[in-house]
Every structure is written in structure tokens, then in C-alpha cells.
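Written out below as C-alpha cells is the structure these notes cover.
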Amino acid sequence: MRSVAKGESMKPEDMLGGAPVGKPYIRTRDVFQTDNDRDTEGYSDEALALVADVAKTGVPEDTNAIGMAGSAKHGVIAVQLFAHVNPATHVIERAGYRAHGCLAMIASGCAAAYWMEGKTVEEAAAISAETLAEARGAVPRDKSYTARYGACAVRGMCGDFLIRQGASYEDMGARPHACDDASLDCVMCENCSLRDAMVDLQIAYRHRAAADA
């Protein structure tokens with residue numbers, strides 16, 4: 001991200017590291033609403049309260065786990081989750097999020113940050129899209145997929161923590177709730193930070209296997 005001179009305003013594309021974006025309707029350091037919902041019809045009060053809640057936006061202090069999920073097929077719809085996880089207990093002590101896209105994506109990111117606090121990474125990795133949708137509240141039917149992105153981001157954050165703690169490719173494949181490329185979540189989620197990390201681990205694993213052969 002480029003630096004900004006005193007008195008100079010920062011453009012949205014600069015704030016997103018140069019990625020092209022549409023006109024933002026909600027602009028903070030961490031939340032961009034680039035999909036202009038015509039109204040709030042179809043959104044529950046619970047979901048709209050999460051959209052308006054800024055307590056969980058941003059990166060918590062001492063973050064040691066990050067997950068991201070989303071899609072760029074029809075404009076960037078994505079959520080990043082951040083957490084400080086206690087290395088000894090694996091309990092998620094603090095969580096935060098950044099979101100880009102529609103109101104439903106913002107609400108899903110906020111709900112995910114609240115939902116996973118106080119859980120261990122092993123418990124959080126069991127999250128389903130249905131669980132997150134219930135925690136988030138109702139959104140328009142054509143926005144329901146955002147709960148899947150939120151759930152994938154939670155699992156990505158959990159996997160990132162384990163990899164940072166030294167988990168190998170074999171460890172990640174043997175854990176409960178391991179990635180399943182054939183699952184609906186993986187098929188729908190175009191961009192996934194954990195998928196990228198697993199590819200890196202697999203390449204390293206194959207190199208070791210070839211060296212040992």
C-alpha cells in the first residue's frame with residue numbers, strides 16, 4: 001500500500017492495495033460496501049445490527065491467525081478474519097474482521113468474529129454455513145452464499161494457526177474437519193487462504209518425499 005502525503009485523500013483502490021473496486025457506499029478502514037443494496041428488505045434486525053456494529057472491525061492486538069475466503073467472479077466479495085489464539089490452550093481470545101462486498105458479507109464477517117471468540121480452534125473448525133447463517137440472521141436469498149464464505153474464512157483462520165504452530169501437510173490432512181475439495185463450501189469458494197497454504201505444504205511434502213526416495 002502506498003504512502004499518502006499530508007492533506008492528500010486516499011482513493012478506495014489504494015486502500016485495497018491497488019485492487020479495482022466500485023464506488024464504496026460504506027467506507028471505513030476495514031469495511032467496504034461496494035454492492036449497493038437497493039434497500040434492506042430481506043435483512044433481519046439481527047443482521048442489520050451486525051452491519052452497524054464496528055466493535056469487531058479490524059485486526060486485534062497480537063493477531064497470530066488469519067483466514068480469508070471469497071470470490072471475484074462478479075466483483076470482489078470477500079471476508080478476512082483475524083484472531084489472537086492462546087498457543088497453550090488453542091482458545092480464540094480475540095477476533096476481528098474485514099469485509100468487502102454487500103451488507104450480507106459484512107454481517108457474515110461480523111457474526112463469524114463474535115461466534116468464534118471463546119472457542120478453541122478445533123471447535124471453531126467445525127463451523128458450518130448453516131451455523132453461521134443462524135448466528136448472523138436472515139439476509140436476502142441471493143445473498144445466502146455469504147455465510148459459506150464466512151464459514152470457510154473461520155476454517156481458514158483455524159488452519160493458519162495450526163500451520164504457524166508447525167502442523168505438517170500430513171497433520172492437516174488427518175485432523176477433524178480437514179479440507180474437502182469436493183465439498184459444497186470448497187466448490188463455491190473461489191478464493192481461500194487455507195487452500196493456498198495447503199498447496200504450499202503439499203509442494204514441500206512432495207519435495208521431501210522425492211529427496212528421501
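Just so it is clear, the values below take in all heavy atoms, side chains as well, and ignore hydrogens, waters and symmetry mates.
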Report the distance from atom SG of Cys102 to atom OH of Tyr145, rounding to the nearest 0.5 Å.
4.5 Å
Is it true that Leu132 and Met188 fall in one hydrophobic cluster, defined by side-chain heavy atoms closer than 4.5 Å?
yes
Return the minimal non-hydrogen interatomic distance between Gly150 and Ala112, and the atom names on each side.
O-CB, 4.5 Å
Tell me whether the count of non-hydrogen atoms from other residues, nucleotides or ligands lying under 6.0 Å of CD in Glu170 goes above 12.
yes
For a 4.5 angstrom cut-off between non-hydrogen side-chain atoms, does Phe32 reach Ile106?
no
Can you tell me if CZ on Arg164 sees more than 12 non-hydrogen neighbours from other groups inside 6.0 Å?
yes
Do Arg94 and Val85 have side chains that get closer than 4.5 Å, going by heavy atoms?
no
What is the distance from atom CE of Met198 to atom CG of Asp181, rounded to the nearest 0.5 Å?
8.5 Å
Are Met157 and Leu201 connected in the hydrophobic side-chain network, where two residues link if heavy atoms are under 4.5 Å apart?
yes
So, are Arg175 and Glu122 salt-bridged, with charged N and O less than 4.0 Å apart?
no
Will you find, in the side chains of Glu61 and His84, an N or O donor that is under 3.5 Å from an N or O acceptor?
no
Using modelled atom types and a 3.5 Å cut-off, is there a donor and acceptor pairing between side-chain atoms of Asp171 and backbone atoms of Ser168?
yes
May I ask you to check whether over 12 heavy atoms, not counting those of Glu134, lie within 6.0 Å of atom CD?
no
Between the NE2 atom in His207 and the CD atom in Gln202, the distance rounded to the nearest 0.5 Å is 10.5 Å
Value for CG (Asp200) from CD1 (Ile163), rounded to nearest 0.5 Å, stands at 8.5 Å
If we count only N and O atoms by modelled type, under 3.5 Å, do the side chains of Asp196 and Ser193 hold a donor and an acceptor together?
no
Quick check: is Val79 connected to Trp115 through a chain of hydrophobic side chains (ILVMFWY, heavy atoms under 4.5 Å apart)?
yes
Under 3.5 Å donor-acceptor, His90 side chain and Thr120 backbone
no
Quick check: do Met172 and Leu194 have side-chain heavy atoms less than 4.5 Å from each other?
yes
More than 12 heavy atoms of other groups within 6.0 Å of Tyr205 OH
no
The test is side-chain contact (heavy atoms from CB on, under 4.5 Å); show your working for Arg195 and Cys186 and say whether it passes.
CA-CA 9 Å; Arg195 181 186 298 143; Cys186 284; 4.1 Å; yes
Begin with the C-alpha distance, continue with both residues' side-chain angles, and end with the deciding distance and a verdict on side-chain hydrogen bond (donor to acceptor under 3.5 Å, both in side chains) for Arg136 and Thr146.
CA-CA 10 Å; Arg136 177 200 60 199; Thr146 57; 3.1 Å; yes
Can you give me the closest heavy-atom contact between Pro87 and Phe161, atom names plus distance?
CA-CZ, 4.1 Å
Arg206 vs Tyr169, side-chain contact (heavy atoms from CB on, under 4.5 Å): CA-CA, chis, key distance, verdict
CA-CA 10 Å; Arg206 289 181 175 178; Tyr169 178 71; over 6 Å; no
Main chain of Gly67, side chain of Asp160: is a donor-acceptor contact present, judged purely on distance under 3.5 Å?
no
Is the shortest side-chain heavy-atom distance between Thr34 and His100 below 4.5 Å?
yes
In Å, rounded to the nearest 0.5 Å, how long is the span from CG of Leu81 to CE of Met116?
4.5 Å
Is any side-chain heavy atom of Tyr114 closer than 4.5 Å to a side-chain heavy atom of Asp53?
yes
Heavy-atom distance under 4.5 Å between the side chains of Gln33 and Leu103, does that happen here?
yes
Is there a path of hydrophobic side-chain contacts, each under 4.5 Å between heavy atoms, that joins Val139 and Met105?
yes
Atom pair CZ/OG1 of Arg29 and Thr57 - distance to nearest 0.5 Å
8.5 Å
Between Arg155 and Asp185, is there a salt bridge with N-O shorter than 4.0 Å?
yes
Between Thr40 and Tyr43, is there a donor-acceptor pair closer than 3.5 Å when you use the side chain of the first and the backbone of the second?
no
Any donor-acceptor pair under 3.5 Å linking the side chain of Thr28 with the backbone of Asp30?
yes
Is Val51 linked to Tyr149 within one hydrophobic cluster, defined over Ile, Leu, Val, Met, Phe, Trp and Tyr using a side-chain heavy-atom separation of less than 4.5 Å?
yes
Closer than 3.5 angstrom, by distance alone: can the side chain of Glu117 be matched with the main-chain N or O of Ala95 as a donor-acceptor pair?
yes
Is there a side-chain contact (heavy atoms from CB on, under 4.5 Å) between Val121 and Leu162 once you walk through the steps?
CA-CA 8 Å; Val121 292; Leu162 294 173; 4.3 Å; yes
Trace of the side-chain contact (heavy atoms from CB on, under 4.5 Å) decision for Asp62 with Glu93
CA-CA 10 Å; Asp62 298 328; Glu93 296 181 344; over 6 Å; no
Can you confirm whether the side chains of Ser108 and Arg148 place a donor and an acceptor under 3.5 Å from each other?
no
Shortest non-hydrogen contact between Ala111 and Leu50, atoms and distance
CB-CD1, 3.7 Å
